[in-house]
Amino acid sequence: MESVIDIRGLGLAFERDGKRAEVLRGLDLSVARGSFVAIVGASGVGKSTLLRVLIGLAEASAGSVRVSPRGAERQPVALVFQDARLLPWRRVVDNVAFGLEGSGLSRAERRAKARAALAIVGLADFAERWPHQLSGGQRQRVSLARALAVEPEVLLMDEPFSALDAITREGLQDELTRIWAKTGKTILFVTHDLEEATYLADRVVVLAGAPGRAVADHIVEAPRPRSRGDARDEALHASVRHHLGGEELRDGAGV
Amino acid sequence: MSTAIEAGAAPPARPRRRPIPAAALAAAGLAALLLLWEAVPRLGLVSATMMPPPSALPAVFMDELRSGAWTGAILASLSHYLAGLAVGAGLGVALGVAAGMSRAFEAATAWIVRVLRPIPGLAWVPFAIIWFGVSTRAAVFIIAVGVFWIVFFAAQGAVRGVDRDLIEVADAFGFRSARERLVKILLPAASPGILVGLRTALGQAWMAVVAAEIFGVAGLGQRMMQASSLLATETVVVYMLTMAALYGLFDAGFVALQRWALRWKA
Ligand SMILES: Nc1ncnc2c1ncn2[C@@H]1O[C@H](COP(=O)(O)OP(=O)(O)OP(=O)(O)O)[C@@H](O)[C@H]1O
Ligand SMILES: [Mg+2]
């Protein structure tokens, strides 16, 4: 299968107080086009950093990173940040339309697309609000809508559902699965929740170590459509527990 | 503790005084000032030339109005004010934003800024006259210098203080050119700080108007100088109050505009 993301020997270090702090070293990862890959790992292992490299916000200090979307859209890759990062001076709908600017669409067309994306995350009625008038979870959903609105070929998601209640989360998980099945996007999904990972993804990649790298790669065999009941995957849980060597995943959910 | 509150009992009711509305307090303060001001010369504590009582002002004001001096002075000063403010604030925002955006630009101008910054607007009067003559352009120049730095530093600080996380949002969505960053993130994010600088400039510019007109360009400042050389202090006070009223009007208008522009803030 052709891969849309190819990472070979990725290393990344920060300069901190004159010292080099290595966050990632020798990280290898290929992601097949159209696949849904979950990334799990302890807090601080470098999951967000990995996504930042993939979208070009951080530069690798070693190795090679190739992201090769097929289409020629202006914005083939989009990132849902771990924190919502809405622009406070824009109304919700204009926050969601942000990534569409420069796409040649008229303002009315952009807003129409933004409203459609807001409807997906269940916030159609909030379009005209200011970000400060939303709850934390609502902001996170607007941020998700902002990434969906550009209809990216590759969607990078950094714990997008962690701030949500169980019902909303399950609704969005199903919505995301539906979008993925329908559009054939490639999704890279960071989460602390192993059940979420095995419910959504084809593959679960475990990052561990300091500096971090991919230590385990687990194929999720369960056929789709999946039901939540059989989401618990003993082999994966055992493997994660083994690799994290007692380090708990931050949220501890499902471990 | 002398009183024990029983469980479930309402707290002892305290007699509540109704708060006096702020507008009433402001009016009372102003009235008190006028009364005091009227009383001091009337009681003979100082002469009426030293401190013209407010009751003498309406007649003087009507004279000035009838002769056309008042209207002429106001129109002339307003045009200096607006032009000077536009030039000074426009350049201040533009260069301040540039200095906030670019380390290189900031470094290149650091010492130019240190040399020019401490020179007060008034000190530029001789050069203004040499360069522009006793003309509107000279007045505009002095007012512009008077407001430039306030706006420059406000804009620079506001742009420098923009949350890097928001700039990353623009980067992540492919808006990476300086122009896109500026328009989509830096200017809106810095607008609260820039507007604070502009509001200060609005007041500062009136001071500069007087300085700019003292050396002979027609306007409020010149009229005040003429009157004071004749010891017509009532006339001076009329123009002082005129300027205060104009400033109050502009400031109130600006605050309304500012509130609207920043309605997105919590
Ligand atoms: N700008 C930076 N400068 C220095 N160190 C940084 C910087 N950003 C992140 N780090 C460090 O890099 C490491 C990885 O951070 P990262 O945000 O990728 O972790 P994460 O796996 O996403 O964690 P979490 O699950 O808590 O979100 C952490 O140890 C963090 O302290
Ligand atoms: Mg993270």
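Values in this document were obtained by computation on a predicted structure and should not be read as measured data. Letters A, B, ... mirror the listed sequences (proteins, then strands); counts begin at 1.
- Ring geometry, A:Phe98 versus B:Phe175: the interplanar angle exceeds 60°, so the pair is classed perpendicular (tilted spans 30 to 60°).
- More than 12 heavy atoms of other shown residues, nucleotides or ligands fall within 6.0 angstrom of atom CD in A:Glu128.
- Scanning all heavy atoms of the two residues, the minimum distance from A:Pro131 to A:Asn95 falls at CG-ND2, 3.5 Å.
- Of the two parts of A:Glu101, the backbone and the side chain both hold a non-hydrogen atom closer than 4.5 Å to a non-hydrogen atom of chain B.
- Under the 30°/60° scheme for interplanar angles, the aromatic rings of B:Trp149 and B:Phe152 are found to stand perpendicular.
- B:Ser177 and B:Arg179 share no donor-acceptor pair across their side chains, judged by distance under 3.5 Å alone.
- At a 4.5 Å heavy-atom cutoff, the contact between A:Leu86 and chain B is made by backbone atoms alone.
- In terms of non-hydrogen atom pairs under 4.5 Å with chain B, the most contact-rich of A:Arg146, A:Arg90, A:Arg91 is A:Arg146.
- No side-chain N or O of A:Arg169 forms a donor-acceptor pair with one of A:Ser162 less than 3.5 Å apart.
- Both the backbone and the side chain of B:Arg263 have a heavy atom closer than 4.5 Å to some heavy atom of chain A.
- For an aromatic pair to be called close, the ring centres must be under 6.0 Å apart, and B:Trp206 with B:Tyr247 fails this.
- Contacts with chain A were tallied for B:Asp171, B:Asp165, B:Leu166; B:Asp165 has the most, counting heavy-atom pairs under 4.5 Å.
- For a residue to count as touching a neighbouring chain, one of its non-hydrogen atoms must lie under 4.5 Å from one of that chain's; by this rule B:Ala261 does not touch chain A.
- Both the backbone and the side chain of B:Ile185 come within contact range of chain A, each with at least one heavy atom under 4.5 Å from a heavy atom of that chain.
- For A:Arg52, the part lying under 4.5 angstrom from a heavy atom of chain B is the side chain only.
- Both the backbone and the side chain of B:Lys184 come within contact range of chain A, each with at least one heavy atom under 4.5 Å from a heavy atom of that chain.
- Comparing A:Pro152, A:Ala78, A:Gly56, A:Gly102 by how many heavy-atom pairs each has under 4.5 Å with chain B, the most go to A:Gly56.
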